[in-house]
Amino acid sequence: MTEIWAALQSSAVAEWARTARWGYAALNGAHILGIALLVGAMVPLNLVRMGAVRAPAEAAGRLLVPFAGAGLLLAVGTGAVMFASRAGEYAALGVVQAKLALVVAGAATALLLHARYGLYMQRAGRGRTAVHAAISLVLWVVVLALGRLIAFVG
């Protein structure tokens with residue numbers, strides 16, 4: 001694995017992220033925007049799906065799912081470049097490993113659920129939707145916290 005991280009870290013995009021005067025700052029800002037879109041959409045959507053906030057669930061889904069999806073794509077894309085900039089160091093950090101595992105789990109679960117129950121979960125029962133929403137809420141808040149911890153352990 002060490003060779004993979006070394007190759008990733010020596011790539012042109014990783015070199016750019018490390019050396020461009022404003023490149024990493026812009027990348028970091030875009031990453032934060034992606035996280036804000038993702039978590040900012042998932043928290044109210046999951047609260048609606050759990051029944052903690054009264055609003056039509058399908059309408060909330062139609063409004064918020066596109067923002068969550070765009071945020072996820074932006075956060076993953078920018079996060080991959082940020083990871084590449086110090087791949088060897090980041091790959092060794094348990095907090096990064098946990099964050100990446102949870103991002104993969106959250107994204108895969110969302111894709112599977114939406115494929116099975118519809119883009120807005122309209123074919124899922126209320127109980128199933130509430131359980132998945134509670135898991136999703138905890139998962140994305142933990143991902144957010146783990147991401148923040150990277151600055152303090154790396």
Problem set entry | Rounded distance (nearest 0.5 Å) linking atom CD1 of I32 with atom CG of L27 | 10.5 Å
Problem set entry | Spacing of CG belonging to L146 relative to NZ belonging to K99, to within rounding of 0.5 Å | 8.0 Å
For this session: Take atom CZ of F67 as the centre, draw a 6.0 Å sphere, and report whether it contains more than 12 heavy atoms from other residues, nucleotides or ligands.
Result: no
For this session: Please name the pair of heavy atoms, one in W140 and one in A107, separated by the smallest distance, quoted to 0.1 Å.
Result: CZ2-N, 3.9 Å
Exercise. Is V43 reachable from L113 through a run of hydrophobic residues whose side-chain heavy atoms are each under 4.5 Å from the next?
Worked result: no
For this session: Test F83 against L100 for side-chain contact (heavy atoms from CB on, under 4.5 Å), laying out the working first.
Result: CA-CA 10 Å; F83 178 87; L100 294 177; 4.2 Å; yes
Problem set entry | Same cluster (ILVMFWY, side-chain, under 4.5 Å), V142 and L149 | yes
Exercise. Taking T109 for the side chain and G106 for the main chain, is one N or O donor matched with an acceptor at less than 3.5 Å?
Worked result: no
Problem set entry | Smallest separation among heavy atoms of G23 and W16, with atom names | CA-CZ2, 3.5 Å
Exercise. In Å and rounded to the nearest 0.5 Å, what is the NE2 to CE distance from H31 to M82?
Worked result: 4.5 Å
For this session: Using a cut-off of 6.0 Å, state whether more than 12 heavy atoms not belonging to R126 lie near its atom CZ.
Result: no
For this session: Please answer whether the main-chain N or O of Q9 pairs with a side-chain N or O of R18 as donor and acceptor at a distance below 3.5 Å.
Result: yes
Exercise. Do the side chains of L63 and L119 join up, straight or via other hydrophobic residues, at under 4.5 Å, putting them in one cluster?
Worked result: yes
For this session: Looking only at non-hydrogen atoms, find the nearest pair between L8 and A84 and report the distance.
Result: CG-CB, 3.7 Å
Exercise. Is L137 reachable from L111 through a run of I, L, V, M, F, W or Y residues, each pair having side-chain heavy atoms under 4.5 Å apart?
Worked result: no
Exercise. Between L37 and G71, which heavy-atom pair has the shortest distance, and what is it?
Worked result: CB-CA, 3.7 Å
For this session: Look up atom CZ in R123 and atom OG1 in T129, then write down how far apart they are to the nearest 0.5 Å.
Result: 11.5 Å
Exercise. Is there a path of hydrophobic side-chain contacts, each under 4.5 Å between heavy atoms of I, L, V, M, F, W or Y residues, that connects V143 with V81?
Worked result: yes
Problem set entry | Under 3.5 Å: donor-acceptor pair, side chain of S136, backbone of H132 | no
For this session: Please say whether more than 12 non-hydrogen atoms of neighbouring residues, nucleotides or ligands are located less than 6.0 Å from CZ in R116.
Result: no
For this session: Search all heavy atoms of A60 against all heavy atoms of V48 and return the closest pair with its distance.
Result: CB-CG1, 4.1 Å
Exercise. For L102 and L139, which heavy atoms make the closest approach, and how far apart are they?
Worked result: O-CD2, 3.6 Å
Exercise. Going from OH on Y120 to CZ on R62, what distance comes out if it is rounded to the nearest 0.5 angstrom?
Worked result: 5.0 Å
Seminar exercise, completed: Between the CG atom in L64 and the CE atom in M42, the distance rounded to the nearest 0.5 Å is 9.0 Å
